[in-house]
Number of protein chains: 4
Amino acid sequence: MSDMKDIQGQPDYRRINIKKVGVKNISYPVTVRDKARKTQQTVATFNMYVNLPHQFKGTHMSRFVEILNRFQGEINLKSFHRILEEMKARLQAEAAHLEITFPYFLKKSSGQAQSVGMNEYRCTMHGSLDKTDDLTLEIQVPISPPLPSQTGQGLPRSLGHWGRATIRLRFRHFIWIEDIIQLVEEVTSHDLCWPTSKTCATEYTLSVESITTALGRKLENQPAIAWFSVLVENLSQGYNTFASLEWSANNKMPVS
Amino acid sequence: MSDMKDIQGQPDYRRINIKKVGVKNISYPVTVRDKARKTQQTVATFNMYVNLPHQFKGTHMSRFVEILNRFQGEINLKSFHRILEEMKARLQAEAAHLEITFPYFLKKSSGQAQSVGMNEYRCTMHGSLDKTDDLTLEIQVPISPPLPSQTGQGLPRSLGHWGRATIRLRFRHFIWIEDIIQLVEEVTSHDLCWPTSKTCATEYTLSVESITTALGRKLENQPAIAWFSVLVENLSQGYNTFASLEWSANNKMPVS
Amino acid sequence: MSDMKDIQGQPDYRRINIKKVGVKNISYPVTVRDKARKTQQTVATFNMYVNLPHQFKGTHMSRFVEILNRFQGEINLKSFHRILEEMKARLQAEAAHLEITFPYFLKKSSGQAQSVGMNEYRCTMHGSLDKTDDLTLEIQVPISPPLPSQTGQGLPRSLGHWGRATIRLRFRHFIWIEDIIQLVEEVTSHDLCWPTSKTCATEYTLSVESITTALGRKLENQPAIAWFSVLVENLSQGYNTFASLEWSANNKMPVS
Amino acid sequence: MSDMKDIQGQPDYRRINIKKVGVKNISYPVTVRDKARKTQQTVATFNMYVNLPHQFKGTHMSRFVEILNRFQGEINLKSFHRILEEMKARLQAEAAHLEITFPYFLKKSSGQAQSVGMNEYRCTMHGSLDKTDDLTLEIQVPISPPLPSQTGQGLPRSLGHWGRATIRLRFRHFIWIEDIIQLVEEVTSHDLCWPTSKTCATEYTLSVESITTALGRKLENQPAIAWFSVLVENLSQGYNTFASLEWSANNKMPVS
């Protein structure tokens, strides 16, 4: 049926309105901030989309790409916010959304015997600009059993890939990606009771529930974090087990 | 810190409680209902998880698998609901969630020159049992340009993969997967104006917005559907464009 | 330039000839043989292609699909060979190639505490019909650390995914997929020295090299196998280590 | 059984020797050469492995990573060769192998209306150092139908993703990645007869065979190329069709 017809004769057609439009999976080289090296080069995937005002039939898709190109791949909290503002303004949108996913590389810390020169952590920044501004940062941190002390040649023999922790958070004030990763690895590398370790604190058994709780307890004490969620997944043969929790600084219980 | 300690000395630890636990990515052969052939055999991926009651520290993960095994891969609306009820009961859960994704195969309809003997459609059933019961069905339908009439040998030369429509819906009463696919393909195969077709209705230009709207208009007239969302994605070189909308029978506008 | 021109004026154009043509990634429901249950239903991906005779410019692509449809998804050694013969004949090919990949499901054997009701093994049959006939079968078998005996609720807590063994073999005479999997699991579950096991035979250390060798020694004694290769991969944080070997019954060393 | 036992009592055990060992899927930020910008930053995946001498039981896996780290991600033909030489020397290997895969980004050339600011091309360098040195470069170039001239807002409406050409080649002397991509796109963008184009040269119909041949004819005239293979894939609904050919400067037919 033609658009003319809708507007005239069939009122409830007015309810069929586009809600979101945008572009997805744009691969793009970017520069992100790095605590140790000031910046690092990586490759990101961009999703950019907007909420259209009621009755709006289409949009200038090419403007998403024009906005992206203008930022030359400089990604930080400031530029991230400016991209959202430009999207909202130039596309006359009610709300703008930006998702950027990239591998973030850290030189291996000493004692990570089984890691290679660089550790890779998958990061996602998700921002929305509506009446208010919202930004979440997600970081995936691999979890592997620590190695029993070994003699002999070769790489330390890996006990395989236990799983991963996925931390998502909202900032109260700025915190480095490195510092979040370090908080997580302190828990997963040192506080857990692995069957391979001779001695271990008995209160954490090796389960997705206990690791999720341990990470929650670590993160709730970080003043820079206003909200977080923790997801812990354990790879098993033919399936994963997982546990998750959420925490917000705002609904603190009164401490009697 | 030990669980004993939390319960005694550190009240705000009580706020770090597991929210969801479960198993993911279990691959399992299943039998699903098929309009033409009564049933068809396929392979599904299962996610099963529950919301734990406050303060609940862990769960019997093996029970998820025991419940799954009991159903012998017979998947239909009835068994789907019973699995949710068993999960909620046996795991003492506040809410139970079940997601099943599988390729659904249809014999190619005549005139789909470029499809092989079987067309594959990715389907996902997502159910939640809380105080109330909720079930959504998602179907992905590929969108390809119709072929210009061709002479000569070989398969009709494909113009490639234009993109796909992802339909998600809630039932008012039962509707076959085949019937939903047919509704979508009527729009994407016949109602669109492809550059390759000599003559076409001018009111639909070839855009994600117009196809999304066309699908919304088709689906809103189906009495079996209580709610739906439409997502249309167009593959392009190095990125996708997309548009989406949602519709609910409940918020019908008064027709003046 | 037109084909006419090539054949006449430009001899070295004759050297630009199509070598292979075919179809890839056809998803299709199939029935495969199962030792315990006679047959099992699964979903396979098909690649079908041929070597064209010199100067042959194109082929009837649709014939690949016609041949596939005629077999109604009945996949076994006999039908596999007949599909190859039809491809070679109907496409006037110098050689025909068929690759079928499918998940193969086995009920978990008792004592596989951490596996779910069904274990999944990725299988690939690769056949070529040239002057002679060649068929290889490839099976991927997951390798996971055995679990320390545990008390308490939940699934046995997985130590994660150590890696996998990929066995590829040529038959001297028929052998069941189940029997090959069992041979592999006897080595990976029982003969290895895992850090988590209290006592273990000292001659196998936990390395891709030693597991590859252990599997080679097991398989070389199987009269049904004429040739095999073993690839063992160990997942580690951010990379895999691997080792491989090949063995053929034909080049047996004289035993002095 | 212990290694001692093999060497003594069981001669045919001698035949079970590790053939290859190495590391796979190491993700690493790299700098590659760029014709327009001197260098570009991207992220590569590394596979490094060696052929062990007969009877060699294991290797120092960590040396692969030490060698990789020393090169600081500077990837070019010189460093590539030096990495291979170091691998062969330090691991006492009969042969060394190195595979590097990375997305290579080019600013869109004018007239590529439907591309975003950056086009991405997947490149793989594969080198082996045996008695002799061998290096191949593989480049994947997307193929999309050119767009009919359009009016109105938004991105030019993509006709979707037709498929891709995969070019693999050996150098006679250096040639830029950009120049290979340009050769391919000259054929796929201009020389093809798309149903959407009003006028087109009639000798190339839109088929994987004809595009493969057209690319072969273009590449055989490049003095920098000693050997190449061409693979052209066409995405269709539920499957791909493909054709491939190979060419070598060495087996030139005498031109009568």
Side-chain angles (χ1 to χ4, degrees), chain A residues 1-6 10-27 46 49 52 57-59 61 64-65 201-203 205 207-210 212-217 220 229-231 233 236 238-248 251-256, chain B residues 1-6 10-27 46 49 52 57-59 61 64-65 201-203 205 207-210 212-214 216-217 219-220 229-231 233 236 238-248 251-256:
Chain A
M1 248 144 277
S2 78
D3 293 344
M4 272 200 67
K5 281 219 207 77
D6 332 330
Q10 292 124 353
D12 70 335
Y13 278 3
R14 294 199 194 106
R15 298 174 47 242
I16 300 298
N17 296 306
I18 298 299
K19 192 178 161 196
K20 289 178 179 168
V21 287
V23 295
K24 280 167 69 173
N25 303 325
I26 303 180
S27 189
F46 285 70
Y49 52 98
L52 292 181
K57 293 289 174 197
T59 191
M61 291 276 190
F64 288 108
V65 178
T202 56
E203 53 269 14
T205 59
S207 74
V208 288
E209 296 96 322
S210 59
T212 300
T213 306
L215 287 169
R217 290 177 182 179
E220 74 174 341
S229 67
V230 176
L231 167 66
E233 293 171 272
S236 194
Y239 64 98
N240 300 0
T241 55
F242 73 96
S244 67
L245 60 75
E246 273 185 44
W247 177 94
S248 172
N251 60 356
K252 257 209 159 50
M253 284 180 179
V255 177
S256 53
Chain B
M1 246 141 278
S2 77
D3 293 344
M4 270 201 68
K5 282 218 207 79
D6 327 332
Q10 290 122 355
D12 69 336
Y13 279 2
R14 296 200 192 105
R15 298 175 48 244
I16 300 298
N17 295 306
I18 299 299
K19 192 177 160 198
K20 289 179 181 170
V21 287
V23 295
K24 280 167 68 173
N25 302 326
I26 303 180
S27 189
F46 284 70
Y49 52 98
L52 292 181
K57 293 290 173 196
T59 191
M61 291 278 190
F64 288 108
V65 179
T202 55
E203 52 268 15
T205 60
S207 74
V208 288
E209 297 96 324
S210 59
T212 301
T213 307
R217 289 177 182 179
L219 293 168
E220 73 175 342
S229 67
V230 176
L231 167 67
E233 293 171 272
S236 193
Y239 64 97
N240 300 0
T241 54
F242 72 96
S244 66
L245 60 75
E246 274 184 43
W247 179 93
S248 172
N251 60 356
K252 258 210 157 50
M253 285 179 180
V255 177
S256 53

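In what follows, chains are A, B, ... by sequence order, proteins preceding strands, each numbered from 1. In this text the structure is predicted, and so the values were computed from the model without any measurement.
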Which heavy-atom pair separates A/Ile18 from A/Val21 by the least distance, and what is that distance? CG2-CG1, 3.4 Å
Evaluate the side-chain proximity of A/Leu52 to B/Glu209: yes if any heavy-atom separation is below 4.5 Å, no if none is. no
Closest heavy-atom pair, A/Met61 versus B/Phe242, reported as atoms and distance to 0.1 Å, is CE-O, 3.7 Å
Of the listed B/Asn240, B/Asn25, B/Leu245, the one with the largest count of heavy-atom pairs under 4.5 Å with chain A is B/Asn240
Counting heavy-atom pairs closer than 4.5 Å to chain A, which one of B/Glu233, B/Lys19, B/Glu246 comes out on top? B/Lys19
What are the two closest non-hydrogen atoms of B/Phe64 and B/Val23, and how far apart are they? CB-CG2, 3.9 Å
Per-residue tally against chain A (heavy atom, under 4.5 Å) across B/Ser229, B/Ala243, B/Gly22, B/Gly216 peaks at B/Gly22
